[in-house]
Each structure stands twice: as structure tokens, then as C-alpha cells.
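To start, the structure under review is shown below, and the notes come after it.
So that the names make sense, note that chain A is the first sequence line, chain B the second, and so on, each numbered from 1.
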Protein chains: 2
Amino acid sequence: MFLSTSHNKIDLKCRVSIPASFRMNLEKLKEPLILFKSLQFPCIEGTTLTRMQRYINAIDELDALSDDAFLLRMMMADSFEIKFDINGRVVIPDILMSFANLTNKAVFMGIGESFYIWSPSEYENQYNKSQKILNEKGPPKLILKKNE
Amino acid sequence: MFLSTSHNKIDLKCRVSIPASFRMNLEKLKEPLILFKSLQFPCIEGTTLTRMQRYINAIDELDALSDDAFLLRMMMADSFEIKFDINGRVVIPDILMSFANLTNKAVFMGIGESFYIWSPSEYENQYNKSQKILNEKGPPKLILKKNE
DNA sequence: TTGACTACCATAAAATCCCATGTTATCCCA
DNA sequence: TGGGATAACATGGGATTTTATGGTAGTCAA
């Protein structure tokens, strides 16, 4: 699982250390890392290849001409299988750098099955927004399911 | 799996480099590359021989005398098994060059099980269209429910 | 013999690998 | 419990390899 938040530096070659705990999670699962444009936020989403495979399989099951299939294909086009260097760093592709407005700092935010990479300023926006909702509407109602 | 997008040059002999990651995917699968006319868009589709076989089988399931089967067969007739040169380039057949309106630039767009080759201008059209759908309709339902 | 096609060589730019180093976290023993 | 030793982590820089792409020579067929 991807959990916790950390702030890492992006160097001039667009390299950034993936937090060790995220790396260990991937290693344990023996999964390659996929980075892609979030469809909901101006940030990068990271996940496992297996999880991405689920979206790809879904494409074949949808009507090929449907909007959903079209969007999913575009999502694949902006997805990258990412390799680690020996120190646990990755290179963030240009397309993703500019999509998420990244320059020299990245905020890694684990959300369970995947994680987000934000620019510091955009992360702050989202964080403040969540605090505001919390203050105005109170905590969300959550119903827990048992594990299978 | 074919992922990511890249822009490569087509030279006077209609040679173009297939992105290294696509090549490696084919090598790993030990699959030859097939190029053919997309059934949905004015672009070339590239895929493995095995997947092409699945298309052909799907056609056989249709009423053999139907218009659909007729059209699909005509499209499939313009399919080519493509060989790489030692540097990972292929020659794009004339028929496909003109079908996709290709001249001196090609955009390779990985969509999972296969990939598209667009002319730059047509690629831009499709990209803009996807942004419009995303803005108007939001992301596919599939993306929002993260787990099965 | 010409023209088209293929196989191979050359090169610049870009991506990748690997070593070095400072910093933070963890461990272990007094 | 404190503090030094050790390991893990994040980051910088340079060497090496890969990739994309231009060009040339060889081959086959009309």
C-alpha cells in the first residue's frame, strides 16, 4: 500500500527519488511502476502495471467508439512505464512535468492503491480545500467493509 | 504493453524509428509487428500478429455476407507484416502513408494492446477532442471506482 | 542498366548507469 | 537513556550506452 506524504527534490535531469516505502511496496509486489496524468487533478498518478492492465482490458469491453473508450486510450498514451536507477530515482517524462506544473520540488502523497505527485503549490491548494470542506461539512461518513 | 507518446521523423524513404519501448515490448513477446488501417480513425494501427488474428477471428463470427464483414475484410486486406532494420526502423507502406496523411512526421501513441501512428495535425485534433470530452463529461466511471 | 529496396555504417543527442557524498534515520551498547 | 556507530536514504555529477536519424553500398528484378 502507498501511504504517507513526503517532499522530494527534482534535479535538473528531472530525476526524483521515489519515497523508500513506495519503492519497497512495489518491490514486494514485484510490480513495475506506471506514471500517468491524473484524469481528475493537475497531478501525476503512480500505480502498478497490473492496475493499469485493468484499464486496458476494460477498453476492449467498451464500445470502441464510445467516449469512455476514447478517454481511456488517451490515458494510455500519457502513461509511462518507469525504471528506477540504482538509488531508487526515476526520471519524470517532460509531458508529465509540464502537466503537473513540476519544476524543482515534488510532493508524494500515498492514497492506498496508488499515489499522487503534486507540485508544492498545487498540493497546498488541495490540502487547504480539504480542510475547508472538513470545517464546513464535518468529517465524511465512512462505512467499512470486511476484507474478503 | 504499448504506452506513452512520441514524435519521430519520417525520412524520404518512408523510414521511421519505432519507439524503443514499443520494440522491446514486441521482442519480449517474440511477436512480429503488424501495421494496418485503423477502423475508427484516419491513422495507422500497429499491433502483434496474435492480436491481429483475434480481429480476423472476430470477422469470421459475423454474417459472412453482411456489409460489415465486407468492409472489415477490405480494411484487413491493407495489413502488413513489417520488418525492422538493424536500428529499429521500419518502412511504412505507401498505402498506409496516404491513408493516414503522413509526410515527414509521425506521432506514436501507445494505447495498451496496440498503438496508433498519426500525422501531427490529426493527433492534435484527437487530443483536443479528448480534452473537450474530459471537461464536459468528466473521467470514465471506471476510473472513479478504484477497486472491483 | 536503372530503379527500388534492403542491409549496414556513422554520428549527435538523449537517456541511463554508476560512483561519490552529505544528511537523516536506526541500531546497539554502555 | 544517551550518544556514538552504522545503515539507509536522498541528491549531485560524470561516464557510458542507447536511440534516433542521415547516409552509403550492395542486391535483386524489371
Side-chain angles (χ1 to χ4, degrees), chain A residues 2-28 32-36 44 46 78-98 102-110 115-120 123, chain B residues 2-28 32-35 44 46 78 80-98 102-110 115-120 123:
Chain A
F2 301 107
L3 292 176
S4 86
T5 300
S6 57
H7 300 242
N8 287 349
K9 190 173 183 187
I10 303 175
D11 70 15
L12 295 172
K13 296 179 187 175
C14 299
R15 289 182 303 185
V16 66
S17 283
I18 302 288
S21 66
F22 291 8
R23 247 152 48 208
M24 287 197 292
N25 184 37
L26 290 166
E27 260 172 48
K28 202 162 117 194
L33 171 64
I34 307 287
L35 295 182
F36 61 100
I44 301 170
D78 291 323
S79 302
F80 302 82
E81 185 174 336
I82 304 284
K83 280 181 191 140
F84 289 89
D85 75 6
I86 204 170
N87 301 314
R89 276 180 302 193
V90 302
V91 177
I92 302 180
D94 283 354
I95 296 173
L96 299 182
M97 284 290 288
S98 56
L102 293 170
T103 55
N104 60 346
K105 283 254 170 186
V107 183
F108 288 82
M109 181 179 147
F115 61 87
Y116 292 140
I117 308 176
W118 300 92
S119 74
Y123 172 74
Chain B
F2 301 105
L3 292 178
S4 88
T5 301
S6 55
H7 300 243
N8 287 350
K9 192 170 182 188
I10 303 174
D11 70 14
L12 296 172
K13 299 177 188 175
C14 298
R15 289 183 303 184
V16 66
S17 283
I18 303 287
S21 65
F22 292 7
R23 253 156 37 211
M24 286 198 292
N25 185 37
L26 290 166
E27 261 171 47
K28 204 162 115 193
L33 171 63
I34 308 289
L35 295 182
I44 301 170
D78 292 324
F80 302 84
E81 184 173 335
I82 303 285
K83 278 180 191 143
F84 289 88
D85 76 6
I86 203 169
N87 300 314
R89 275 180 301 195
V90 303
V91 176
I92 301 179
D94 283 353
I95 295 173
L96 298 182
M97 284 290 287
S98 56
L102 293 171
T103 54
N104 61 344
K105 282 254 170 185
V107 182
F108 288 82
M109 178 178 149
F115 61 88
Y116 292 143
I117 308 176
W118 301 93
S119 72
Y123 169 74

Is there a side-chain contact between [X] and [Y] (heavy atoms, below 4.5 Å)?
X       : Y        : value
B:Thr5  : B:Phe108 : no
B:Phe2  : B:Asn25  : yes
B:Arg89 : B:Asp11  : yes
A:Ser21 : A:Leu3   : no

Original post:
So which one's nearest nucleotide on DNA chain D is more toward 5', B:Leu12 or A:Gly88?
Top reply: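 Result of the comparison: A:Gly88.
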**OP:** Using the closest heavy atom to pick a nucleotide of DNA chain D for each, name whichever of B:Arg15 or B:Met24 lands nearer the 5' end.
**Re:** B:Met24
**OP:** Shoot me the first and last contacting nucleotide of DNA chain D against chain A, ordered 5' to 3', at under 4.0 angstrom to non-hydrogen atoms.
**Re:**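 Contacts span D:dC9 to D:dG14, reading 5' to 3'.
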Original post:
Say you draw a straight line from OG of A:Ser119 to CG of A:Asn104; how long is it, rounded to the nearest 0.5 Å?
Top reply: 10.5 Å
So what does [X] touch, heavy atoms closer than 4.0 Å: a base, only the sugar-phosphate, or nothing?
X       : value
A:Asn8  : sugar-phosphate
B:Lys13 : base
A:Ile18 : sugar-phosphate

Original post:
Partners of B:Arg23 by side-chain hydrogen bond (donor to acceptor under 3.5 Å, both in side chains), sequence neighbours excluded?
Top reply: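 For B:Arg23 there are no side-chain hydrogen bond (donor to acceptor under 3.5 Å, both in side chains) partners, ignoring immediate neighbours.
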**OP:** Determine, step by step, whether B:Ile82 and B:Ile34 satisfy the side-chain contact (heavy atoms from CB on, under 4.5 Å) criterion, reporting the C-alpha distance in whole Å, the side-chain angles of both residues, the deciding distance to 0.1 Å, and the verdict.
**Re:** CA-CA 6 Å; B:Ile82 303 285; B:Ile34 308 289; over 6 Å; no
Subject >> Where chain B begins and ends its contact with DNA chain C, read 5' to 3' at 4.0 Å from heavy atoms >> reply: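 Range of nucleotides touched by chain B: C:dT6 to C:dA10.
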Subject >> Aromatic contact, A:Phe80 with A:Phe36 (centres under 6.0 Å) >> reply: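 Ring centres of A:Phe36 and A:Phe80 not closer than 6.0 Å.
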